[in-house]
There are 2 protein chains.
Amino acid sequence: MSLPHAILTALLERPSSGLELTRRFDRSIGYFWSATHQQIYRELGKLEGAGYIRALPTERPARGQKKSYEVLPAGREELARWTSAPQDPKPWRDALFVRLRASAVVGTTTGVEDDLRRHLSLHQRQLAEYEEIEKRDFGPGRDTAQDRLQHLILRAGIDLETVWTQWLASALEEFGRLPEDGGREEEPEREQPES
Amino acid sequence: MSLPHAILTALLERPSSGLELTRRFDRSIGYFWSATHQQIYRELGKLEGAGYIRALPTERPARGQKKSYEVLPAGREELARWTSAPQDPKPWRDALFVRLRASAVVGTTTGVEDDLRRHLSLHQRQLAEYEEIEKRDFGPGRDTAQDRLQHLILRAGIDLETVWTQWLASALEEFGRLPEDGGREEEPEREQPES
DNA sequence: CTGTCCATGTAAGCGGTTACATGATTTT
DNA sequence: AAAATCATGTAACCGCTTACATGGACAG
């Protein structure tokens, strides 16, 4: 249930229309919470219905016309409430690990290995992008509370991408030491450790 | 679309019933792909319908009776196919970052700070559990290809939990240097860097 | 006036989550 | 016999994804 609150946050930072929000969710906010324009429009409707936001008064409210929203006091309160309420971290879920484990049992590794290389370069690119942003937006100066918190978030992104690149590199090294494909397991079905 | 393939993998490692699978998804596999028993039963039905698995012949196939499944050749082929096909990494999505950014704009940080502390201890516990497993199941010996790949996956878990604990610790430090609550931003609405 | 963006929407489908239902087995 | 547990399932809801639809503004 984070999307409505991500939208409230974005609208507090700057009142926007649906499409503008979509654009902002493609860059900054989308780095840690992505959303398509359909999600956003639907959610804007709900938030307006709940009295959390309202459309800025405009001359011609018609289909195909730009419609900007701003946050109402009730919306700000809801956001503060949600932010302070405890929430459990979601367990990390990654299809890549499923694939690795699957490739271990079916005994073919070349396909995944190629994809690991591809993922590595994607993560390297992402990491470079984050570091670029850090250099550009968080130099000296700029240390209000807001800046420091946003920097913290960016740091998390950098740290996570760093682990990914390191882990993928070490995984590829490990693959290099593995026997070639085809040696499908005929080992005597010993009990798996299940770890 | 990873659940069916995670189930195929698990069934290749060892033919199981629905409930046994559920148990295994609570431990080992669930560390990187969790699933409830309802998901699993539904998926078992689909996989059987697709001809990927079959129920092991048993005397009394009735409701409330244990029913074990094994993977058919078509299932193994599908798993090999899926494993080798390229897949894009899902962007990391985390509500915690939404909350941090939200707390930055509403100006109240004590609530999140408490939860950061809680998350830190949760991640520390998880990290300890993984390290325990590593010590127990991946000592010397045990270096077939399967072992090495499973170890690699576990390593990813350890690495990720390590970054989280480090980042959370540094975040809490940063919070210690922040001004107390209430100082809601009345800064002159300067353009956000949007990073 | 045709095509191309811009902007807002609708509809269908799928996976995941939660709550509940029911039969079989084991325990006390 | 009652209660607890094992085992399999149904039903409803919700968020996300993808594809498609509609209307206005503007360029050639």
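In what follows, chains carry the letters A, B, and so on, assigned in the order in which the sequence lines appear, proteins first and then strands, with residues in each chain numbered from 1.
For B:Glu48 and D:dT8, the CD to C1' distance is 13 Å, given to the nearest whole Å. The interatomic distance linking A:Glu20 (CD) with C:dC6 (P) rounds to 13 Å, in whole Å. In this structure, NZ of A:Lys67 is placed 15 Å from P of D:dG24, rounded to the nearest angstrom. Per the geometry, CG belonging to A:Leu19 stands 14 Å off C1' belonging to D:dA25, to the nearest Å. Distance NZ (B:Lys66) to C1' (C:dG23): 17 Å, rounded to an integer number of Å. One interatomic measurement links the two molecules: NE2 of B:His37 to C1' of C:dT18, which rounds to 10 Å at whole-angstrom precision.
Residues passing the side-chain contact (heavy atoms from CB on, under 4.5 Å) test with A:Arg23, sequence neighbours excluded: A:Leu19, A:Arg27. For B:His119, the ring pair (Phe, Tyr, Trp, His ring centres under 6.0 Å) criterion is met by no residue, not counting sequence neighbours. Applying the side-chain contact (heavy atoms from CB on, under 4.5 Å) criterion to B:Gln38, with sequence neighbours excluded, gives B:Thr36. With sequence neighbours excluded, the residues satisfying side chain to side chain donor-acceptor pair (under 3.5 Å) with B:His151 are B:Glu134.
Side-chain proximity of B:Tyr41 to the nucleotides C:dG9, D:dA7, C:dT8 is greatest for D:dA7.
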I'd like a table of donor-acceptor pairs (distance under 3.5 Å, sequence neighbours excluded) in which one partner is a side-chain atom from residues 83-90 of chain A, with atom names and distances.
| from | atom 1 | to | atom 2 | distance (Å) |
| --- | --- | --- | --- | --- |
| A:Thr83 | OG1 | A:Leu79 | O | 2.6 |
| A:Ser84 | OG | A:Ala80 | O | 3.1 |
| A:Gln87 | OE1 | A:Trp82 | NE1 | 3.2 |
| A:Asp88 | OD1 | B:Arg118 | NH1 | 2.9 |
| A:Asp88 | OD1 | B:Arg118 | NH2 | 3.3 |

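Each of A:Lys46 and B:Ser17 was assigned the nucleotide of DNA chain D with the nearest heavy atom; the assignment lying further toward the 5' end belongs to B:Ser17.
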Which protein N or O atoms sit under 3.5 Å from an N or O of nucleotides 16-18 of chain D?
| from | atom 1 | to | atom 2 | distance (Å) |
| --- | --- | --- | --- | --- |
| D:dC16 | OP1 | B:Arg93 | NH1 | 3.4 |
| D:dC16 | OP2 | A:Gln39 | NE2 | 3.1 |
| D:dC16 | O5' | A:Gln39 | NE2 | 3.2 |
| D:dT17 | OP2 | A:Gln39 | OE1 | 3.2 |

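Within 4.0 Å (heavy atoms only), B:Thr22 reaches no atom of the nucleic acid at all.
In this structure, a donor-acceptor pair under 3.5 Å is absent between the side chains of A:Tyr69 and A:Glu20.
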